[in-house]
Amino acid sequence: MNIILLGAPGSGKGTQAAFLIEQHGLTHLSTGDMLRAEIAADSDLGRQAKSIMESGALVSDDIVIAMIAARLSEKGALFDGFPRTIAQAEALDKLLAGRGSQIDRVIELQVDNEEIVKRMLARGRSDDNEETIRNRLAVFEAQTKPLIAYYETQGKLRSIDGSGELDAIRARIEAALA
Ligand code: B4P
């Protein structure tokens with residue numbers, strides 16, 4: 001099974017992913033985590049990504065698609081924070097089709113923007129200041145939201161309320177996967 005967690009920055013994709021990979025034996029593929037690991041290692045890629053991430057913009061499609069392509073395996077995957085553009089979604093469909101596989105379900109976590117700003121300011125990561133957060137939300141609207149229609153057309157999208165207690169959100173996701 002291949003699942004995508006889709007949602008605005010701070011909507012809880014990483015938080016819920018931790019539970020889902022255990023429950024379903026999936027490989028966790030988080031492009032945000034991969035990029036932060038490159039920054040921590042001070043690699044060329046990390047140095048390139050750092051200022052882009054701190055501005056709230058998206059790292060280039062070519063870079064993140066290559067990171068995902070290098071990590072696909074026989075095991076089902078949970079894609080967390082990827083794809084974020086139509087070009088990424090089309091590339092992922094092609095990569096999976098080439099392996100005789102496909103995306104089975106896309107779970108959209110819906111959380112309102114003011115709740116998101118509150119959550120991220122409380123988290124306090126280096127890209128969690130208010131100006132960057134507002135920019136990330138605008139980038140989500142412009143570049144990632146079109147994915148909702150993309151996966152709806154394919155009949156794979158399930159949208160759930162991503163606000164409230166973690167366990168309640170977990171249960172909504174499980175119901176959407178059943
Ligand atoms: P990510 O790392 O993917 O995104 P995120 O902001 O951490 O969102 P997430 O939804 O995972 O939030 P979390 O569970 O942690 O991206 C960071 C940056 O990397 C992007 O801006 C971009 O520059 C770059 N990037 C990544 N992928 C890319 C791609 N494919 N293409 C291009 N660029 C890419 O939750 C947030 C906080 O809320 C946490 O503190 C959590 O504890 C809290 N929380 C979660 N659920 C809650 C709940 N129900 N109630 C209260 N608080 C909750």
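Just so it is clear, the model here is predicted, and its values are computed rather than measured.
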S.K.: Which residue pairs pass the side chain to side chain donor-acceptor pair (under 3.5 Å) test with at least one member in residues 8-21, sequence neighbours excluded?
M.R.: none
S.K.: Within the 4.5 Å heavy-atom criterion, are Arg134 and Val117 side-chain neighbours or not?
M.R.: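 Yes, at least one pair of side-chain atoms sits under 4.5 Å.
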S.K.: Answer yes if Leu78 and Leu96 sit in the same cluster of Ile, Leu, Val, Met, Phe, Trp and Tyr residues linked by side chain heavy atoms under 4.5 Å apart, and no otherwise.
M.R.: no
S.K.: Quick check: closest heavy atoms across Ser43 and Glu38, and the distance to 0.1 Å?
M.R.: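 Taking Ser43 first and Glu38 second, the nearest heavy atoms are OG-OE1, 2.6 Å.
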S.K.: Tell me the closest heavy-atom pair linking Ile169 and Asp161, and the distance in Å.
M.R.: CG1-O, 4.1 Å
S.K.: Determine, stepwise, if the pair Gln102 / Asp104 fulfils side chain to side chain contact (heavy atoms under 4.5 Å, CB included).
M.R.: CA-CA 6 Å; Gln102 57 163 25; Asp104 299 294; 3.3 Å; yes
S.K.: Let me see the working for Leu35 and Val64 under side chain to side chain contact (heavy atoms under 4.5 Å, CB included), right down to the final yes or no.
M.R.: CA-CA 9 Å; Leu35 290 166; Val64 291; 4.2 Å; yes
S.K.: Within a strict 4.5 Å, meaning less than it, do heavy atoms of the Leu29 and Met34 side chains meet?
M.R.: yes
S.K.: With a 4.5 Å limit on heavy-atom distance, are the side chains of Leu20 and Leu177 in contact?
M.R.: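 Answer yes - side chains close enough.
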S.K.: May I have the step-by-step check of side chain to side chain contact (heavy atoms under 4.5 Å, CB included) for Arg99 and Glu74, ending in yes or no?
M.R.: CA-CA 9 Å; Arg99 310 171 68 90; Glu74 296 310 309; 3.5 Å; yes
S.K.: Nearest 0.5 Å please: distance from the NZ atom of Lys156 over to the OH atom of Tyr150.
M.R.: 8.0 Å
S.K.: What I want to check is whether the side chains of His24 and Glu174 have a donor and an acceptor closer together than 3.5 Å.
M.R.: yes
S.K.: Using a 4.5 Å cut-off on heavy atoms from C-beta on, say whether the side chain of Val106 contacts that of Ile3.
M.R.: no
S.K.: Taking all heavy atoms of Ile160 and all of Ala176, pick out the closest pair and write down the distance.
M.R.: CG2-CB, 4.2 Å
S.K.: Quick one: does Asp33's side chain get under 4.5 Å of His28's, heavy atoms only?
M.R.: yes
S.K.: Nearest 0.5 Å, what's the CZ-CD1 distance between Arg136 and Ile116?
M.R.: 9.5 Å
S.K.: Taking Phe140 as the starting point, is it possible to reach Ile86 by hopping between hydrophobic residues whose side chains are less than 4.5 Å apart?
M.R.: no
S.K.: Using a strict cut-off of less than 4.0 Å between a Lys/Arg side-chain nitrogen and an Asp/Glu carboxylate oxygen, indicate whether Glu115 and Arg119 qualify as a salt bridge.
M.R.: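 A salt bridge is present here (some side-chain N lies under 4.0 Å from a carboxylate O).
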S.K.: Which pair of heavy atoms, one from Leu92 and one from Pro83, lies closest together, and at what distance?
M.R.: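 Between these two residues, the closest heavy atoms are CD2-CD, 4.0 Å.
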S.K.: Any donor and acceptor pair, going by atom type alone, linking the side chain of Arg123 with main-chain N or O of Gly10 inside 3.5 Å?
M.R.: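 No; judged by distance alone, with no hydrogens or angles, the pair does not exist.
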S.K.: Donor-acceptor pair, Thr132 side chain versus Asp128 backbone, under 3.5 Å?
M.R.: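 Answer holds: no.
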S.K.: Any salt bridge linking Glu114 with Lys118? Criterion: basic side-chain nitrogen under 4.0 Å from a carboxylate oxygen.
M.R.: no
S.K.: Ignoring hydrogens and angles, state whether a donor on the side chain of Gln143 or Thr85 is under 3.5 Å from an acceptor on the partner side chain.
M.R.: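 Per modelled atom types, Gln143 and Thr85 side chains form no pair under 3.5 Å.
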S.K.: Under 3.5 Å, side chain of Arg105 to main-chain N/O of Arg158, donor-acceptor pair present?
M.R.: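 Not a single qualifying donor-acceptor pair exists.
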S.K.: Given side chains that start at C-beta, do those of Leu109 and Leu6 come closer than 4.5 Å, heavy atoms only?
M.R.: no
S.K.: Using modelled atom types and a 3.5 Å cut-off, is there a donor and acceptor pairing between side-chain atoms of Gln23 and backbone atoms of Phe19?
M.R.: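 It does not hold such a pair.
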S.K.: Taking all non-hydrogen atoms of both residues into account, name the closest pair between Ser159 and Gln110 and its distance.
M.R.: CB-NE2, 3.8 Å
S.K.: For the side chain of Asn2 and the backbone of Ala77, is there at least one donor-acceptor N/O pair under 3.5 Å apart?
M.R.: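 Yes; at least one donor-acceptor contact below 3.5 Å.
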S.K.: Quick one: do Met67 and Leu58 end up in the same hydrophobic cluster if we chain Ile, Leu, Val, Met, Phe, Trp and Tyr together by side-chain heavy atoms under 4.5 Å apart?
M.R.: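 No, separate clusters.
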S.K.: Do Phe82 and Ile4 come within less than 4.5 Å of each other through their side chains, counting heavy atoms only?
M.R.: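 When only atoms from C-beta onward are counted, Ile4 and Phe82 do not touch, as no gap falls below 4.5 Å.
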S.K.: For a 4.5 angstrom cut-off between non-hydrogen side-chain atoms, does Ile52 reach Gln48?
M.R.: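 A side-chain contact under 4.5 Å is absent here.
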S.K.: I'd like to know if Asp42 and Arg47 make a salt bridge, using a cut-off of under 4.0 Å between side-chain N and carboxylate O.
M.R.: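 Judged by the 4.0 Å cut-off on N to carboxylate O distance, Asp42 and Arg47 do form a salt bridge.
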S.K.: Can you name the residues that form a salt bridge (charged side-chain N to carboxylate O under 4.0 Å, His left out) with Lys50, not counting sequence neighbours?
M.R.: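 With neighbours one apart ignored, the set is Glu54.
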S.K.: Please tell me whether Ile68 and Ile39 are part of a single hydrophobic cluster in this structure, the criterion being side-chain heavy atoms less than 4.5 Å apart.
M.R.: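 Hydrophobic grouping puts Ile68 with Ile39.
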S.K.: Can you name the nearest heavy-atom pair linking Ile65 to Ala91, along with the distance?
M.R.: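 Where Ile65 meets Ala91 most closely, the heavy atoms are CD1-CB, 3.5 Å.
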S.K.: How long is the gap from OG1 on Thr27 to CZ on Arg71, to the nearest 0.5 Å?
M.R.: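 If we round to the nearest 0.5 Å, Thr27:OG1 and Arg71:CZ are 11.5 Å apart.
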